Amino acid sequence: MKARSAILHTMGAKAPYAVSKPLKIEEIELEAPGEGEVLVEVRASGLCHSDLSVINGNRPRPVPMAIGHESAGIVREVGQGVRDFAPGDHVVMVFVPSCGDCAPCVDARPALCEPGAVANGKGTLLSGERRIKLNGEYINHHIGVSAFSDYVVVSRRSLVKIEKDLPFEIAALFGCAVLTGVGAVINTAKATPGSTVAVIGLGGIGLNSILAADTIGASRIVAIDILDDKLELAKSLGATDAFNALSDRVVERIKEATKGGVDFVLETAGSVKALELAYNITKRGGTTVTAGLAHPSHNLSIQQVSLVAEERTIKGSYIGSCVPKRDVPKYIELYKRGKLPVEKLMSGTIGFDKLNEAFDVLDSGHTMRQVLLPHA
Ligand SMILES: [Zn+2]
Ligand SMILES: [Zn+2]
């Protein structure tokens, strides 16, 4: 069938993207879903910082590629052997397909699925196949999703079924920002009620971490960013303290405010400076979690003895260490009870015509979640 999709032909475009226009909206030929695959009508797709990292080349992926990875939609057709989804089902897409059989999958760590990582690296679906053609040639899928499209073919292993009463623009956020931000607090950090939590970097993921810290009953929630408007926003979402990372004596002031440091510190900015700050404000015996994607050439330097003498822990968190089939429905229930008010993180919706400009807005940092409605 014919479909419409945002295609990235080359990485490394310079801002402003409204001028360089790295994404071209093109007509593609979508093949029918193969065995274990599903045709989904995309209803809403969030714009995430890691899309921008592919566009500007910080996170290299094979091009040309149909880009986007945070999405929700409706199943329209299922391929051979698909019994767990049927036409009409509402689904959230998850950007690492999990095979269910490899060692990490068996160990309940599907974010680390080995065949999933191979497929994502190559730009194929989990089957190893590509289903998108542009001008008669196969092009790459973006981490098994390719969300900035009106229709997509994905592996059933990239999907989680959801109830039909959730608006799609909210549902989409559960595929990346919510899973990553909330999961980092609950699954990776395992932050406990009454503990102190700090979040560095208040984008879509960091703000979800703030909501999660409030939900689990953290006693102090420290928000840290370099933009003052983000700090104000974090306070309105439950942060008890806010610090500009560039302000004087920031480490000392945070340590004073938290009586010696923070129990669980989450870094979501994807920069070495942010992770150093995160480590420096973590309490003795505390845990530092990094969920931001830094450039592959960047290395962290820390005082080795502090890990031993202060029993410190540093952990990485990918997709919030989530099991999507378990955690997406759980977090949606929390949302419905008003415990995870992710609708407060929506900045607005756009059509394909505003997609390049929307990445300028994302790049400025002065936004939360912009959502593409591909049928608008
Ligand atoms: Zn994302
Ligand atoms: Zn696996």
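For the numbers below, each heavy atom of this structure counts, side chains included, while hydrogens, waters and symmetry mates do not. Read the numbers this way: they start at 1 and go in the same order the structure lists the ligands and their atoms. We number each residue from 1, following the sequence as shown. Note that the coordinates shown come from a computational prediction; the quantities given were computed from them, not determined experimentally.
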To the nearest 10 degrees, how large is the angle at the Zn ion (ligand 2) between Cys99 SG and Cys113 SG?
100°

Quick one: report the N, O or S atom of His69 that is nearest to the Zn ion (ligand 1).
NE2

Please check if the distance between the ring centroids of Tyr151 and His375 is under 6.0 Å.
yes

Measure the acute angle between the ring planes of Tyr335 and Phe174, then classify it against the limits of 30° and 60° as parallel, tilted or perpendicular.
perpendicular

If only atom types and distance count, is the side chain of Arg156 paired as donor or acceptor with the main-chain N or O of Val78 below 3.5 Å?
no

Opening angle between SG in Cys176 and SG in Cys48, taken at the Zn ion (ligand 1), to 10 degrees:
120°

Just checking, any donor-acceptor pair under 3.5 angstrom between side chains of His9 and Glu26?
yes

To the nearest 10°, what's the angle at the Zn ion (ligand 2) between atoms SG (Cys102) and SG (Cys105)?
110°

